[in-house]
Protein chains: 2
Amino acid sequence: MISKIEFPVDTIEIANIAKAISHPARVYILKKLSKMNSCCYSGDLVEELPIGRSTLSQHLKELKYAGLIQGEIKPPYIKYCINRKNWEKAKKLFSGFLDDSPVIMETTIKRKSKTEPVNL
Amino acid sequence: MISKIEFPVDTIEIANIAKAISHPARVYILKKLSKMNSCCYSGDLVEELPIGRSTLSQHLKELKYAGLIQGEIKPPYIKYCINRKNWEKAKKLFSGFLDDSPVIMETTIKRKSKTEPVNL
DNA sequence: AACTAATGTCGTAAACTTACGACATTAATT
DNA sequence: AATTAATGTCGTAAGTTTACGACATTAGTT
């Protein structure tokens, strides 16, 4: 009997990054910033996106919390940039996750029966 | 003035896949299934994972709904496999998303002021 | 000093997610 | 026919997310 695991750290990290990416507004922002090399203002984004200003602020906060973007304050402006270091880390985690090629493995089955399904 | 967009379809697709991946249990399942080539039973998974049976069932349902896995029913067993076609699609979407290299672009700023921040 | 622009934060409603136990279903086994 | 194993579905509680308007903050402009 295989015993219950805690979730492995990298599994949790992948889930957390995925969560940060799990809203169209945040995908859009990351796309834009990762392509930009320079930075951009939240005002640039509100005008493009179909969401309100305070909602955008929340999304930016989440991306910042997840470490995927950074804000450089120059009141009343704030320039947002991708956090290259963590963005690279995200890339690595995801490519490891997505590109693992299949290997042949057996599943275990637990029933003590004589008529187990075939094709395991 | 750039006008408000609807979120582009691929942006929404990426967000949806990310959402499906946004829980450690689901990352774990996808990791396992994508590496396995063969399939596995939900019973195999409950024993490993630190969550209850009905909760696992919900997670599997979500992954199925997102198109990332398939279940082959053979009552009372159900074999779960990765959905290779959609898994490949997810890979493509994510590598396009993550690997886009930065290009130089200008941001627009809206304020009609003479003292705009430098370093745009 | 008052006004304005660009933002963030708060409060809050509505919707969604996660987790779990209890019940339902299906076919093999006794 | 009753029992058992492997699962799914329902109900529901607790927690989280999303969205938005109203208010707060900061510095340039008048």
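Below, read A as the first sequence line, B as the second, and so on, with proteins coming before strands; counting in each chain starts at 1. Predicted model only: the values in this text are computed from it and were never measured. Atom set for the values below is all heavy atoms of this structure, side chains included, hydrogens, waters and symmetry mates excluded.
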Qualifying residues under salt bridge (Lys or Arg N to Asp or Glu O under 4.0 Å), relative to A/Lys64, sequence neighbours excluded: none
Whole angstrom value for the distance that separates C1' of D/dA6 from CD of B/Glu47: 11 Å
Separation of C/dT18 P from B/Leu56 CG (nearest whole Å): 13 Å
d(CG, A/Leu60; C1', D/dT18) in whole Å: 14 Å
Pairs flagged by ring-ring contact (aromatic ring centres under 6.0 Å, His included) wherever residues 5-30 of chain A is involved - sequence neighbours left out: A/His23-A/His59
All salt bridge (Lys or Arg N to Asp or Glu O under 4.0 Å) counterparts of B/Lys31, not counting sequence neighbours: A/Asp10
Distance in angstrom units between B/Asp44 CG and D/dA5 P, rounded: 16 Å
Whole angstrom value for the distance that separates P of C/dA27 from CD1 of B/Ile73: 11 Å
Phosphate-side-chain proximity, B/Tyr80 and D/dG8, N/O vs OP1/OP2 below 4.0 Å: yes
Heavy-atom pair with the smallest gap, counting every atom of B/Ala20 and B/Leu68: CB-CD1, 3.9 Å
Partner set under salt bridge (Lys or Arg N to Asp or Glu O under 4.0 Å) for B/Lys92, not counting sequence neighbours: none
Gap between atoms CD1 and P, on A/Ile21 and D/dT18 respectively (whole Å): 13 Å
Distance, rounded to the nearest Å, where A/Lys64 contributes NZ and C/dT7 contributes C1': 10 Å
d(CD1, A/Ile51; C1', D/dG21) in whole Å: 15 Å
Residue-phosphate contact under 4.0 Å: A/Thr55 side-chain N/O, D/dT18 OP1/OP2: no
Every protein N/O within reach of nucleotides 9-17 of chain C N/O, cut-off under 3.5 Å:
residue : atom : partner : partner atom : Å
C/dT17  : OP1  : B/Lys19 : NZ           : 2.5

Set of side-chain hydrogen bond (donor to acceptor under 3.5 Å, both in side chains) partners for B/Lys61, sequence neighbours left out: none
